[in-house]
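Take a look at the structure below.
In what follows, chains carry the letters A, B, and so on, assigned in the order in which the sequence lines appear, proteins first and then strands, with residues in each chain numbered from 1. Both backbone and side-chain heavy atoms feed into the values below; hydrogens, waters and symmetry mates do not.
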Number of protein chains: 2
Amino acid sequence: MSEDALDAALRLVRAQTALVRRFDARLGGLHGVSLADFTLLLRLAQAPGARMRRVDLAEALGLTASGVTRGLAPLERIGLVTREPDARDARVAYAALTRTGRRRLTEMLATARETAAEIFAAPDWSPADLARLTSLLTRLGGTGLKGA
Amino acid sequence: MSEDALDAALRLVRAQTALVRRFDARLGGLHGVSLADFTLLLRLAQAPGARMRRVDLAEALGLTASGVTRGLAPLERIGLVTREPDARDARVAYAALTRTGRRRLTEMLATARETAAEIFAAPDWSPADLARLTSLLTRLGGTGLKGA
DNA sequence: GGCATAAACTTGAGCAGTCAAGGAGTCGGC
DNA sequence: GCCGACTCCTTGACTGCTCAAGTTTATGCC
């Protein structure tokens, strides 16, 4: 029944806000970044050479190009990311992780993993539950950190 | 492994933004409201007497009190919701669905259900999948439209 | 070469939410 | 009956995104 589908969708939305709040609190408190900042850095780190075109970053994060510009700005200011031009195409400005960016990210990653582990902690969550959730979410078009 | 937990969390966040965009487009196009507006109205409709204290509404929606104030304002302006004082306690201002609000909501509800049905359509999604997803999300603290 | 079209990015305006502070009202202790 | 502490709600300042418009550069066609 479509009522159930709507219920699922609404629950998903609700679950997300709770989850984001939790990550933001942890990451903000310990490292001074938001979850959005963290995911951005993480994507960058996963790219070959730890650099990406802003357009591709937007696509990967599910943001608009302008969202990326705005999100990157403060990270550039605090030196976690730099802007690199493309030799071939003067239109593109790569965003690249700096050495400090990389270092800081590994610290954040530890925090993020802890937080995630707390959220999905036993006994409520078994590894099988987690796998099922991931697989269901993947069908929804979400691209996680392990690829499509 | 905590990497899997983080992956699940990130996928959930990503899935939500896609989902919200889809609902916003449909609801906005047909009824001029956002998904946030719609959920607000829906909660109201489910409350006894189709009215709630703003504080409780905030709690139910996972927002702050000020978020509710701001979200309610435009809905009051367009006459879907009214503000009602409490006879006993002058601090509380109920938000109540108007007659038009109720009528408009049933139209929106149809659209929302359709949209949800499309998102969770067969053959990708079986009713069992949907039930599993809902049950997993519920553990995450999300309160759906069918109660805790 | 020169021009139209398109791509990558930035910028201004606006919207939806947050937090922190404050106004107004209630309630328990005395 | 009054004071202090608490609750409900709103407001101002800010953040993080969106969309629409504009700039700059590349590319294909002739």
Residue pairs meeting salt bridge (Lys or Arg N to Asp or Glu O under 4.0 Å), one or both in residues 88-102 of chain B, sequence neighbours left out, come to B:D89-B:R91

Taken in chain and number order and not counting sequence neighbours, the residues that satisfy side-chain hydrogen bond (donor to acceptor under 3.5 Å, both in side chains) with A:E107 are none

The contact string for nucleotides 6-15 of chain C, one letter per nucleotide 5' to 3', using protein heavy atoms under 4.0 Å with B, S and - for base, sugar-phosphate only and none, comes out as -BSSBBBB--

Which atom pairs link the protein and nucleotides 1-3 of chain C when you take only N or O atoms and keep those under 3.5 Å?
none

In the 5' to 3' direction, the nucleotides of DNA chain D bounding the stretch that comes under 4.0 Å of a heavy atom in chain A are D:dC17 to D:dA26

### Query
Is it true that B:L75 and B:L42 fall in one hydrophobic cluster, defined by side-chain heavy atoms closer than 4.5 Å?
yes

For A:L30, the other hydrophobic cluster members (4.5 Å side-chain criterion, sorted by chain and number) are none

Besides B:V92, the hydrophobic cluster formed by Ile, Leu, Val, Met, Phe, Trp and Tyr side chains linked at under 4.5 Å, directly or via other members, contains B:Y94

Ring pair (Phe, Tyr, Trp, His ring centres under 6.0 Å) pairs touching residues 110-130 of chain A, sequence neighbours excluded, are A:F120-A:W125

In short, salt bridge (Lys or Arg N to Asp or Glu O under 4.0 Å) pairs touching residues 55-64 of chain B with sequence neighbours left out are B:R53-B:D56

Applied to residues 2-47 of chain B, the ring pair (Phe, Tyr, Trp, His ring centres under 6.0 Å) test, sequence neighbours excluded, yields none

Does this structure show an ion pair linking A:D129 with A:R132, if we count only N-O contacts that are shorter than 4.0 Å?
yes

Sorted by chain and number, sequence neighbours left out, side-chain contact (heavy atoms from CB on, under 4.5 Å) with A:A36 holds for A:S34

If two hydrophobic side chains count as joined below 4.5 Å and joins carry through other members, does B:L12 share a cluster with A:V20?
yes

Expected list for residues 29-39 of chain A near DNA chain C, using heavy atoms below 4.0 Å, is none

(request) Output, in order, the C-alpha distance, side-chain angles, deciding distance and verdict of side chain to side chain donor-acceptor pair (under 3.5 Å) for A:T134 and B:R11. (result) CA-CA 7 Å; A:T134 302; B:R11 272 181 206 277; 5.3 Å; no

